[in-house]
Structure formats: C-alpha cells, structure tokens
Amino acid sequence: MRAEDIRGIRSPGSLTLSPDGTRAAFALTAVAGDGYATSIHVVPTDGAAPPQPLTEGPRDAAPVWSPDGASIAFLRAGPDGVRQIHVMPAAGGEARRLTDHPLGVGSPVTARHARGVAAPVWSPDSRRLAYTARIPAPGAPGGARRITRLRYRIDELGYVHDRPSQIFVVEAAGGAPRPIGAAGYDHWDVSWHPDSAHVVAATARHDDRDLDEANDVAVFALDGAMRVLTAATTTVNLPTVSPDGRAVYFVGIGPLEGDRNDARARNVGLWRVPFAAGAPERAQSGGAPERLTDAETIDLDDGRTRPLLFAEGGVLGGTLERGAVRLAAIGGGGAMREILGGPRQVIDYAAAPGLVAAVVTHATSAGEIVAVRAGQVRALTDFGAGLAGAALRPMHEIVAKAPDGYPVHGWLVLPDGPGPHPALLLVHGGPDMQAGYHLFDEAQVYAAAGYAVIQTNPRGSAGYGEAHARAIKDRLGTVDADDLLAMLDAVAARPDIDGGRIGVLGGSYGGFMTAWLAAHHGRRFRAAVCERGVYAWDSMMGTSDIGLAAQSMVGPDPARWRAQSPLTHAARIEIPVLLLHWEGDLRVPFEQAQRLYAALRALRRDVELVVFPGGNHNASRNGPPAQRIARFETILAWFAKHMG
C-alpha cells in the first residue's frame, strides 16, 4: 500500500435498519479531491443486491430510519460545513430540510472520547425528532471572549464555552424546532421514552462541572419539566430508556466519588438507574446507578453516538479485548453473550427482530457491512475491493515477556521478501487505547516501503483489564517502556529482522513515548519520529482541552510532572528526531513540539520540526488527503535518510 492508496479507501458507518430488517442504510465516506465526500447508501440485508446510493451527497451523514419505516432522517451539510436535519422518503425522493441553526446540528460535546457527529433521534410514534444544537450566546464587547470556566475549547471545534449544546424537538412534518430544558448547560446523547412524551439526555449541572469528569442522566418532559436521575458519581454517555420505560441504561466510567477527575484508564461499563428516581433541577438526590458489567474485565466501546440497542435478550455493546472489539448482548444481570467475535473490530451496529447488522473491520479492511442471523454471518458489501491491488499485508500475532515476567501482546506486519528487514516500533496513542484488528494505513504504507512494523499494547493500553490500563498511572515511562522494549527484543531476535536497523515512532501518547525511548533507550534506535506528542506536562495542563484529565494520568504533584516529561530529559536524546505537529491541535497544542524542538536545537542535536497548517489532533487520519500523503512521504524520507 502506497501513501497515495488512501484515496481508494471507502469507509461505511452510521448504520441503521428498516424496522422490518429487510434493508440497511449507512453513510459511506470516501476521498474526493483534497477532501471527503459522504453519501447515504442502502443495501438489502439478505445479500440479494449490492448497495445503492440513496443520496448523492457530498456531505450527507448520520441516517436514521423512522420507527414506522416510512422515512429516513439524516444530516446534510452545505458548502460551509454546517449540518442541518433533512428527512426523505425511505424509498427515495426529495429531502426536506427541518432545521436552520447557525452552528448546525449534532456537534460533539465531550472532549474525552472525541465523539463524532450525533444523529437526530426519532420519537417512537415517528412524529418528532429530538437532537442537540449549539446555540451561540450574545458576544462580548469588541469581539472579546469572556471565559469563566475551564474546557472552553474542544479539539476540532474551537471555542465552545459561549455556545452550549441544547436539546430541541422538531415535528417531522415541519415547523419551528422547540427548545427543551434550561439553556446554558451542555446536553448530549438524547433518546426518547417509549411514551414519546419525554426525552433523556446526558448533562452536567453541578457547580464544578468544568473541574471534573462527572456528569448525569436527566429526564425532560416536552413541557419543559426536568428531573436529574443521578448524582454526579460517574461519567454518562448514551442514556437510553428500557422498552418497558422503567429504567435508564447508560455507559460510563466510575464510580468517581473519591476523585471525580479520576477517569483515565478506567473501564467503561453498562449502568442502570430507575426512571422514577431523581429530583427536580439540580437537587440530584435520585437513585444510585447500578453497574451491570464487571469493572475489571469488561470495557465497553462508547464511541457510538446513537442510543443503546435492546436486542438479542439484552443491551448490545462492543467490548474491547486484546485488539478486537466484540459485539455482545448484555443481560439485565450483566451476563454476556457474544454476537460477533473473532479477530476484527465491530465499530457500529443496528438491530431488528431476528437480525443484527454491523460494520466490521479487520487487518486488511476499513469496514464492511455484515448481517448476523441465528449466528450466521453474511457480508453485504465489498468496499475493500478497490484496494485489491495494494498488496495489503496481514497482521501476525506475537507475544513476549517483560523483565518482570508480565505478558506482552502485539502484532508484526512484514514486508515482502525474506529479509532481514529494518523494523519500526510503532507506538499507539492514548495511552488507554488499543492497537488491533483494523486496516491501519500507517502500518501498511511502512510495510510496503520495506519496513517490518511492530505494534503492541503495553501496560497502559485498553483491552486487557482495568489493572493493565492503570498500571502506569503516575509513572509513565516505566513498565510501559519495559513492555515495548520486550516486544522489540522478541522481534529483533528473528532471522528475518535486521536488529541493527530499528526506528521508533508514534503520535500523541505514542509521540510522548517515542521521545521518552529516545532519551532513555536511544542506543536501541537509529532514528525517531515524534508526532503531536506530550513532552512537557506542566504546560499541557493549562493549554490542552483535556488538561485536567491529563493530570489524572500523571498525578497532582508538579515534581512528578517534570520527572515524567521527555523535555526534562532532552539532554539525553542523541539520535536524530523528527517532530511533526499541526498548528490547530487543541488536544496536544503545538507549543509542546516547539518546546522540545527549541531544547534539542539549542543542544545542537540532529532535529527537525515539520509544522502542518490548521488541522487538529486527528489530522493524520481525517486531514486533507494531500496533507496526509505529504506526511507519509516526510516520515519515509526521514527513516530512509537515517536507516538506509
């Protein structure tokens, strides 16, 4: 796979099913020019025909089928990128626009999970749609921004403190949208009660809501009355009322009673709280939520922005496990029954009676739609056919042992030929994320250039239990570094690997760890590429959009921040280092790269800084295609220069 081949990747998502389960609708994203186009497609779930476009795009996303099967609502953006709700007949035809909000509909709210655009939600009677929209507050004199709380900016969105996300309800037949609930607070993940007279949503209303990670479940009647069901003891995403209307289920991290900012490297669980609990407004004296899944072993993927699904005898959820994301039905008592497993990742799903449809990825696939009936899996799409000539390389599972005997798990992507190959240790971001079974363009491009690519999930990663993820809390650069080097040793000992030609690279936490390894274990590597990394925790706390959450990883002691900062150890870095960053990154701001570059240049080290204009923290994945290709070329040229 060459860098240019990213133009051939097509990725499905935002899956929805017709109520009878005969058809699936989804958004398809593909590169178009130096941007991306999205359109809505429909495919029969019996596999009788290939998918067909329902809309022409180029900026249509987040389709949702109405409960009566007659209509599909979706978000359409104009040339300005602002998304508005449209509704069209499910059989095809002209779409009607229902909203006209200046800042659009479905904007992400929570920074921690980098949540995507939120689709509107149909009422059970198919008469209305609920959604969230950011509403700008009156501007300050002279265009100045008056800021009184933290979390005033979010990566990819910019300033948000003066544009809270409010709930609205609009009639599907048309008319003016109606605001629900008090203005001035953020709301997200809206869903309906079965009575079509109430909505539930996640919100944060406690006084110090900008200083911690806690938030709550709230119920809103269409007449404006509100009850808060929880008491700011956990995070809340995807609150969804059970079919019988008696309970609200949600996914969250907790409990947070002792330290409401201690949310990093915590497993996401399924929770339940009685719908009848709660108190008006901010009293928050309602029922205590009950955790249904095991806190140590079950970590749910909460990347979806649609309500939870009740199907297959439980609540559907994706569970992170050793690089995979498995789809399971979670019973009322927490029992798990696997629906879709194996070496793949389930990134979205929908359900109808007797059917579960899902978007799945694996090592050489960016996503296909599959249908699961009675345990039988059938592929409905073949979007990966366009990459058939790219010679995609498989992932070889490998294991190693750290010096303390701890097991280390990962994968090796090998180039063609017998070798011995130079190798790149590629460190993932997070750290509480996981490398795993999906088409990773970086590994494929580097392998095609002749490098063996090592990926692993050291301690600190997700998918191996909460103790594994929290093992590096307040001690980054210890056992996580041990695990990475143990995997490197295991690979370097192979006869098809040239152990004398090893490079290291990574982004975000991976950028941090690359700089850390360069400082403390530089003799192991010929060169390093540090991308959008954290190098100095002291300034990160005050400039990042997740500064307090970052503090929960490295602890409250400034002396420990310095000890865990690669910048503190810059004098020990002697290998060539390339620093990559985007000017518009608010998650790990550009000043991080500036500080490390200045320190290394003052020491007269072999260092270069490449700065891309604009962008955000995810620009290596969602930035302009030409910029992504230039990034690949820059990295490959750097390693070719220093590794041969």
Problem - Side-chain donor or acceptor of His438 paired with backbone N/O of Ala324 under 3.5 Å - result: no

Handout entry: Partner of Asp441 by salt bridge (charged side-chain N to carboxylate O under 4.0 Å, His left out), out of Arg628, Arg2, Arg7
Key = Arg628

Practice task
Taking the side chain as every heavy atom from C-beta outward, state whether Val610 and Arg631 have any atom pair closer than 4.5 Å.
Solution key: no

Practice task
Give the intermediate values and the outcome of ring-ring contact (aromatic ring centres under 6.0 Å, His included) for residues His520 and His569.
Solution key: CA-CA 8 Å; His520 295 83; His569 312 282; 4.7 Å; yes

Exercise for the section: Indicate yes or no for a side-chain donor-acceptor contact from Thr456 to the backbone of Met487 under 3.5 Å, with no hydrogens or angles considered. Expected result: no

Problem - Distance-only donor-acceptor check, side chains Asn267 and Glu296, under 3.5 Å - result: no

Problem - Between Asn237 and Trp188, a side-chain donor and acceptor under 3.5 Å - result: yes

Exercise for the section: Mind listing the closest non-hydrogen atom pair of Arg601 and Val607 along with its distance? Expected result: N-CG1, 3.9 Å

Exercise for the section: Determine, for Arg470 against Asp262, whether the closest basic-nitrogen to carboxylate-oxygen distance falls under 4.0 angstrom. Expected result: yes

Fill in the blank from the handout: To the nearest 0.5 Å, atom CG of Leu596 lies from atom CZ of Arg605 at 11.5 Å

Exercise for the section: Check the side chains of Glu397 and His409 for a donor-acceptor pair under 3.5 angstrom, ignoring hydrogens and angles. Expected result: yes

Exercise for the section: Using distance alone, with no hydrogens and no angle criterion, decide if Gln551 and Trp561 have a side-chain donor and acceptor under 3.5 Å apart. Expected result: no

Problem - Between Ser461 and His468: side-chain donor-acceptor atoms closer than 3.5 Å - result: no

Practice task
Answer yes when Arg532 and Asp585 have at least one side-chain N-carboxylate O distance shorter than 4.0 Å, and no when they do not.
Solution key: no

Completion exercise
Note: Val346 and Asp301 closest approach over all heavy atoms is O-OD2, 4.3 Å

Handout entry: Partner residues of Tyr451 under the ring-ring contact (aromatic ring centres under 6.0 Å, His included) criterion, sequence neighbours left out
Key = none

Handout entry: Check ion pair Arg393-Asp416 (N to O, under 4.0 angstrom)
Key = yes

Completion exercise
Rounded to the nearest 0.5 angstrom, the CG-CG distance for Leu517 and Leu425 is 7.0 Å

Handout entry: Charged N-O contact under 4.0 Å between Asp489 and Arg524
Key = yes

Handout entry: From Arg562, Arg595, Arg560, residue fulfilling salt bridge (charged side-chain N to carboxylate O under 4.0 Å, His left out) relative to Asp538
Key = Arg595

Practice task
Give a yes or no on whether the backbone of Ala204 and the side-chain of Asn215 come within a donor-acceptor separation of less than 3.5 Å.
Solution key: no

Exercise for the section: Taking Ser565 for its side chain and Trp537 for its backbone only, find out whether a donor-acceptor pair lies under 3.5 Å. Expected result: yes

Exercise for the section: With the side chain counted from C-beta on, respond yes when Ile502 and Leu488 share a heavy-atom pair under 4.5 Å apart, and no when they do not. Expected result: yes

Exercise for the section: Quick one: sort the Trp411 and Tyr437 rings into parallel, tilted or perpendicular, breaks at 30° and 60°. Expected result: perpendicular

Exercise for the section: Give a yes or no on whether a salt bridge exists between Asp545 and Arg153, defined as a side-chain N under 4.0 angstrom from a carboxylate O. Expected result: no

Exercise for the section: Report the C-alpha separation of Gln627 and Trp582 in whole Å, then their side-chain angles, then the decisive distance to 0.1 Å, and conclude whether the side chain to side chain donor-acceptor pair (under 3.5 Å) test is met. Expected result: CA-CA 11 Å; Gln627 205 176 76; Trp582 274 262; 2.6 Å; yes

Problem - Pair Arg151 + Glu213, salt bridge at N-O below 4.0 Å - result: yes

Problem - Ala515 versus Cys530, closest heavy-atom pair with distance - result: N-SG, 3.7 Å

Problem - Contacts of type ring-ring contact (aromatic ring centres under 6.0 Å, His included), residue His421, not counting sequence neighbours - result: none

Problem - Arg459 NZ/CZ over Tyr406 ring centroid, <6.0 Å and within 45° of normal - result: yes

Problem - Arg304 to Tyr349, cation-pi by 6.0 Å centre distance and 45° axis angle - result: yes

Practice task
May I ask you to check whether over 12 heavy atoms, not counting those of Met433, lie within 6.0 Å of atom CE?
Solution key: no

Practice task
Could you tell me whether the side chains of His428 and Tyr509 share a donor-acceptor contact shorter than 3.5 Å?
Solution key: no

